[in-house]
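Notes follow once the structure below has been shown.
Computed from a prediction, not measured in an experiment: that's the story for all the values here. All heavy atoms count here, side chains included; hydrogens, waters and symmetry mates do not. Each ligand, and each atom within it, is numbered from 1 in the order the structure gives.
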Amino acid sequence: MMTIAAVLQSARQQIPHNEARMLLKAVLQTTDVWLLTHDDAVLNYEQHQAFLTNVERRNAGEPIAYLLGHREFYGREFSVSPAVLIPRPETEMLVDIAKASVGAGRTPSSCVLDLGTGSGCIAISVALECESARVTAVDASVDALKIAINNAAQLNADVEFIHSDWFSALENRRFHIIVSNPPYIANGDSHLAQGDLRFEPPQALSCGDDGLAALRKIVGTAPNYLHSNGVLAVEHGYDQADAVRKLFVDAGFHRIMQQRDLAGIVRLTCGHCPAVITTAPNATVK
Ligand SMILES: C[S@@+](CC[C@H](N)C(=O)[O-])C[C@H]1O[C@@H](n2cnc3c(N)ncnc32)[C@H](O)[C@@H]1O
């Protein structure tokens with residue numbers, strides 16, 4: 001039988017101290033303060049084995065968020081599993097853009113669409129931050145949608161979830177704001193074999209030979225699903241800013257704006273949709 005102090009000391013040989021504390025806190029279902037004030041408490045056999053297993057898995061590279069089962073995003077805890085991408089801090093910029101666009105809108109309730117929702121972190125944050133927004137979220141992965149639906153229930157967020165290959169199940173609906181953090185790493189990119197990415201779902205990470213296949217589809221198709229002057233905002237890779245700006249220009253978007261993340265990398269592109277041209281049923285188009 002070992003004390004808290006002894007197991008933490010021993011784990012330090014394999015993983016950083018702060019991570020060992022997080023893993024032990026999760027196994028004991030306790031708080032930082034309790035751990036600090038009870039370092040002579042003794043772990044039972046099951047607790048010790050569960051902790052050792054997680055230390056081994058962390059030492060082998062498994063992301064701490066998957067071992068803990070949650071990750072913080074926009075001030076809230078989201079459950080995560082290997083079925084979903086671990087929410088990243090830079091993605092919070094998409095929530096900021098959606099909030100600003102909902103606030104700027106002239107309609108009483110803005111319809112917001114999140115494409116490729118994963119854990120639901122963007123859609124749920126927008127729904128909770130913007131009371132007047134009506135939020136829809138789609139994903140092609142049923143397993144991801146189960147996590148997102150559970151997160152929405154836990155956080156008491158009203159989001160409509162739809163199983164869809166991008167826009168395909170949305171029929172003729174239109175939205176005021178579309179946000180997306182799609183897969184944008186090129187197939188075979190060496191980063192996929194490094195760090196947390198080794199454990200995250202491939203369909204959440206990579207897309208096409210240049211990583212732009214999903215972005216091409218989303219930017220090119222979004223005008224058919226946006227109201228006039230609606231906003232599209234997408235996250236993209238560190239080296240894709242120019243290519244994505246061109247996709248926006250080619251699709252007719254105007255007032256295109258790009259934003260840097262905290263590391264100074266241009267990570268986000270957004271723009272306003274061209275006017276929607278509606279044709280009267282009997283009109284002839286020349
Ligand atoms: C980079 S992850 C983003 C997850 C979440 N929005 C976030 O920011 O943490 C991309 C998501 O797109 C989904 N996805 C990939 N291909 C898709 C498709 N054809 N249609 C809909 N969703 C798709 C993946 O399942 C994944 O959940």
Side-chain angles (χ1 to χ4, degrees), residues 63 65-66 70-98 112-129 135-152 155 157 159-171 173 175 177-187 189 191-192 195-208 211-222 225 232-238 240 244 261 267-270:
Y66 287 157
H70 56 87
R71 170 55 55 91
E72 191 259 0
F73 182 84
Y74 221 88
R76 300 178 182 88
E77 287 295 332
F78 286 80
S79 292
V80 293
S81 81
V84 297
L85 189 92
I86 300 165
R88 311 285 205 265
E90 57 269 25
T91 304
E92 294 185 350
M93 293 197 305
L94 283 176
V95 180
D96 290 334
I97 292 273
V112 182
L113 172 66
D114 174 25
L115 289 168
T117 197
S119 63
C121 59
I122 302 169
I124 292 169
S125 301
V126 172
L128 293 173
E129 295 290 321
V135 184
T136 301
V138 309
D139 207 290
S141 158
V142 172
D143 290 336
L145 284 172
K146 285 181 188 162
I147 302 274
I149 289 167
N150 179 53
N151 277 325
L155 292 165
V159 176
E160 174 193 28
F161 291 101
I162 299 177
H163 183 223
S164 178
D165 174 8
W166 301 132
F167 298 94
S168 64
L170 296 172
E171 296 173 345
R173 291 173 64 174
F175 299 85
I177 301 155
I178 299 179
V179 287
S180 184
N181 173 22
Y184 53 67
I185 302 176
N187 294 338
D189 186 296
H191 292 96
L192 295 168
D196 286 2
L197 301 194
R198 290 169 296 164
F199 296 87
E200 293 184 291
Q203 72 276 11
L205 297 171
S206 56
C207 198
L212 288 167
L215 282 158
R216 232 176 247 120
K217 171 87 182 176
I218 290 169
V219 179
T221 314
Y225 292 87
L232 171 67
V234 297
E235 182 177 320
H236 47 73
Y238 69 97
Q240 294 172 331
V244 175
D261 63 16
R267 272 279 167 203
L268 184 146
T269 299
C270 75

Task: Residue list, side-chain hydrogen bond (donor to acceptor under 3.5 Å, both in side chains) with His163, at least two apart or on another chain - done: none
TODO: Identify, for atom 23 (C) of ligand 1, the protein heavy atom at the shortest distance, and state residue, atom and that distance.
DONE: Trp166 CH2, 3.4 Å
Open item on the list: Would Ile122 count as a polar contact of ligand 1, with the cut-off being nitrogen or oxygen pairs under 3.5 Å?
Closed with: no
Task: Sub-6.0 Å ring centroid separation between Phe167 and Tyr225 - done: yes
- [ ] Identify, with sequence neighbours excluded, every residue that meets side-chain hydrogen bond (donor to acceptor under 3.5 Å, both in side chains) alongside Ser180.
- [x] none
TODO: Please determine if Thr91 has a nitrogen or oxygen closer than 3.5 Å to a nitrogen or oxygen of ligand 1.
DONE: no
Task: Distance from atom 8 (O) of ligand 1 to nearest protein heavy atom, with residue and atom - done: Asn181 ND2, 2.9 Å
Open item on the list: Is there a polar contact, in the sense of an N or O pair closer than 3.5 Å, between Asp139 and ligand 1?
Closed with: yes
Task: pair Phe161-Val138: side-chain heavy atoms closer than 4.5 Å - done: no
Task: Shortest protein contact, atom 4 (C) of ligand 1 (heavy atom only) - done: Gly116 O, 3.4 Å
TODO: Specify side chain, backbone, both or neither for Cys121, according to which of its non-hydrogen atoms lie closer than 4.0 Å to ligand 1.
DONE: side chain
Open item on the list: Donor-acceptor pair, distance only, cut-off 3.5 Å: does the side chain of Asp139 make one with the backbone of Gly118?
Closed with: yes
Task: Side-chain donor-acceptor pair present, Ser168, Asp165, cut-off under 3.5 Å - done: no
